[in-house]
Amino acid sequence: MGSYLGVAAASANPPHFIHLCYKPTDGNVKRKLAIVGKGLTFDSGGYNIKTGPGCSIELMKFDMGGSAAVFGAAKALGQIKPPGVEVHFIVAACENMISGTGMRPGDIVTASNGKTIEVNNTDAEGRLTLADALVYACNQGVDKIVDLATLTGACVVALGPSIAGIFTPSDELAKEVTAASEVSGEKFWRLPLEDSYWESMKSGVADMVNTGGRQGGSITAALFLKQFVDEKVQWMHIDMAGPVWNDKKRAATGFGVSTLVEWVLKNSSS
């Protein structure tokens, strides 16, 4: 997991790769799901350190909001005990810090599926941790994966503070999660996985770079994650950088938990 461990390399706190699994008590499993959360417990930006007004470095403990939603859903589903569905809860947790052992801009890391990544920005670290977590999730033999991440400022610019962006090649999965969100009351908007934008993610020395240009930043981030998902698996990426935090209350929102639980319950009953 060179992509994930590259992000973790600078921190005095060791990384923790977390995998919880819910299985129905009667052992009868019709469907296997995985929920993957970005778990950056603090994000300094690394050597591309977050600086200047609006960088929000002081709030970067919320960069584990995706993983918090995953664990919140795990707790709820463990109590509800839905039948017929097995759910894997996966988080590649670490800090993105700065030290002499840290990943440098220009380094090349190798993810667990063998793809190489030229790190042109150490502050685009969430996708590097998710890359290995998504490969791992696919290896569990699941039918569907939903990942949640406070991934890009670009998504906040596009959709504001209350709406999460969703990206998926699967219309069926888009309908499922949208239907779940209508029950939960959480707001999502589907954005395109525009393949032509991948051009900006090409590298001269590796399979890809980890960031493209400023334009369409949340789309290129989603296209990056797509490189680490098996084509046979239905997959959705949720960019929740906006709704993870309530600025007025100066508090986290718990965004995503209700929708995830509803989505799993719909898969349990269908």
Quiz item: Below 4.5 Å, heavy atoms only, C-beta onward: do Leu223 and Tyr197 meet side chain to side chain?
Solution: yes
Quiz item: Arg190: what forms a salt bridge (charged side-chain N to carboxylate O under 4.0 Å, His left out) with it, not counting sequence neighbours?
Solution: Asp171
Quiz item: Leu159 and Phe188: same hydrophobic cluster, using ILVMFWY side-chain contacts below 4.5 Å?
Solution: no
Practice problem: Write out all pairs satisfying salt bridge (charged side-chain N to carboxylate O under 4.0 Å, His left out) with one or both partners inside residues 218-228, taking only residues at least two apart or from two chains. | Solution: none
Exercise. Give a yes or no on whether Val85 and Leu173 share a hydrophobic cluster (residues Ile, Leu, Val, Met, Phe, Trp, Tyr; joining criterion: side-chain heavy atoms under 4.5 Å apart).
Key: yes
Quiz item: Do Ile166 and Val70 sit in the same hydrophobic cluster, where Ile, Leu, Val, Met, Phe, Trp and Tyr count as joined when their side-chain heavy atoms come under 4.5 Å apart?
Solution: yes
Quiz item: side-chain contact (heavy atoms from CB on, under 4.5 Å) with Val29: which residues, sequence neighbours excluded?
Solution: Pro24, Lys32, Glu86
Exercise. Any pair with a residue in residues 18-67 that passes ring pair (Phe, Tyr, Trp, His ring centres under 6.0 Å), sequence neighbours left out, goes on the list, sorted by first then second residue, please.
Key: His19-His88, His19-Tyr136, Phe62-Trp245
Quiz prompt | Under the side chain to side chain donor-acceptor pair (under 3.5 Å) test, residues paired with Thr116 that sit two or more places apart | solution = Asp207
Self-check item: Residue pair Ile145 / Leu134, side-chain heavy-atom distance below 4.5 Å
Solution: yes
Self-check item: Residue Glu231 excluded, over 12 heavy atoms near CD under 6.0 Å
Solution: no
Quiz item: Can you tell me how far the CZ atom of Phe89 sits from the SG atom of Cys21, to the nearest 0.5 Å?
Solution: 8.0 Å
Quiz item: Any donor-acceptor pair under 3.5 Å linking the side chain of Thr122 with the backbone of Gly45?
Solution: yes
Self-check item: N-O pairing of Lys38 and Glu125 below 4.0 Å
Solution: yes
Quiz prompt | Within one Ile-Leu-Val-Met-Phe-Trp-Tyr cluster: Val135 and Met236, side-chain cutoff 4.5 Å | solution = no
Residues 100-110 side chain polar contacts: donor-acceptor under 3.5 Å, at least two apart:
residue	atom	partner	partner atom	Å
Thr101	OG1	Ala9	O	2.7
Thr101	OG1	Ser99	OG	2.9
Asp107	OD2	Arg104	N	2.9

Self-check item: Sequence-distant partners of Asn120, side-chain contact (heavy atoms from CB on, under 4.5 Å), two or more places apart
Solution: Val209, Asn210, Thr211
Quiz item: Using a distance-only test with no angle check, is there a side-chain donor-acceptor pair under 3.5 angstrom linking Trp235 and Asp147?
Solution: yes
Quiz item: Are the side chain of Gln234 and the backbone of Ser170 linked by a donor-acceptor contact shorter than 3.5 Å?
Solution: no
Self-check item: Test salt bridge (charged side-chain N to carboxylate O under 4.0 Å, His left out) applied to Lys202 - qualifying residues, sequence neighbours left out
Solution: Glu199
Self-check item: Residue pairs, two or more places apart or on separate chains, that pass side-chain hydrogen bond (donor to acceptor under 3.5 Å, both in side chains) and touch residues 151-160
Solution: Thr152-Asp239
Practice problem: Return yes if some donor-acceptor pair links the side-chain N/O of Thr178 with the main-chain N/O of Lys175 below 3.5 Å, else return no. | Solution: no
Quiz item: Does a donor on one side chain sit under 3.5 Å from an acceptor on the other, for Ser196 and Glu194?
Solution: yes
Kindly list each side-chain donor-acceptor pair under 3.5 angstrom involving residues 71-80, sequence neighbours excluded, with atom names and distances?
none

Self-check item: All pairs passing ring pair (Phe, Tyr, Trp, His ring centres under 6.0 Å) where residues 160-186 contributes a residue, at least two apart
Solution: Phe167-His237
Quiz item: Got a donor-acceptor contact below 3.5 angstrom from the Ser3 side chain to the Leu128 backbone?
Solution: yes
Quiz item: Between CD of Gln227 and NZ of Lys115, what distance do you get to the nearest 0.5 Å?
Solution: 4.5 Å
Quiz item: Is the side chain of Ser44 donor-acceptor paired with the backbone N or O of Asn96 at a distance under 3.5 Å, no angle test?
Solution: yes
Quiz item: When hydrophobic residues are tied together by side-chain contacts of less than 4.5 Å, even through go-betweens, does Val177 share a cluster with Val36?
Solution: no
Self-check item: Modelled atom types, side-chain donor and acceptor of Thr253 and Asn246, under 3.5 Å
Solution: no
Practice problem: Could you list the residues that satisfy ring-ring contact (aromatic ring centres under 6.0 Å, His included) with Phe228, not counting sequence neighbours? | Solution: Phe224
Practice problem: Look up atom OG in Ser218 and atom CG in Leu151, then write down how far apart they are to the nearest 0.5 Å. | Solution: 9.0 Å
Self-check item: Under-4.0 Å salt bridge between Asp43 and Lys50
Solution: yes
Quiz item: Hey, are Ser184 and Ser258 close enough side-chain-wise for a donor-acceptor pair under 3.5 Å?
Solution: no
Practice problem: For the residue pair Val119 and Asn121, establish whether any side-chain heavy-atom pair is separated by less than 4.5 Å. | Solution: no
Self-check item: Side chain proximity check, Leu40 to Met60, heavy atoms < 4.5 angstrom
Solution: no
Quiz item: Is the side chain of Ser67 donor-acceptor paired with the backbone N or O of Met64 at a distance under 3.5 Å, no angle test?
Solution: yes
Quiz item: Do Pro192 and Ile219 come close enough that some side-chain heavy atom pair is under 4.5 Å?
Solution: yes
Quiz prompt | Spatial distance of atom CD (Glu176) from atom OG1 (Thr259) [nearest 0.5 Å] | solution = 13.0 Å
Practice problem: Report yes if the side chains of Met1 and Ser112 come closer than 4.5 Å at any heavy-atom pair, otherwise no. | Solution: yes
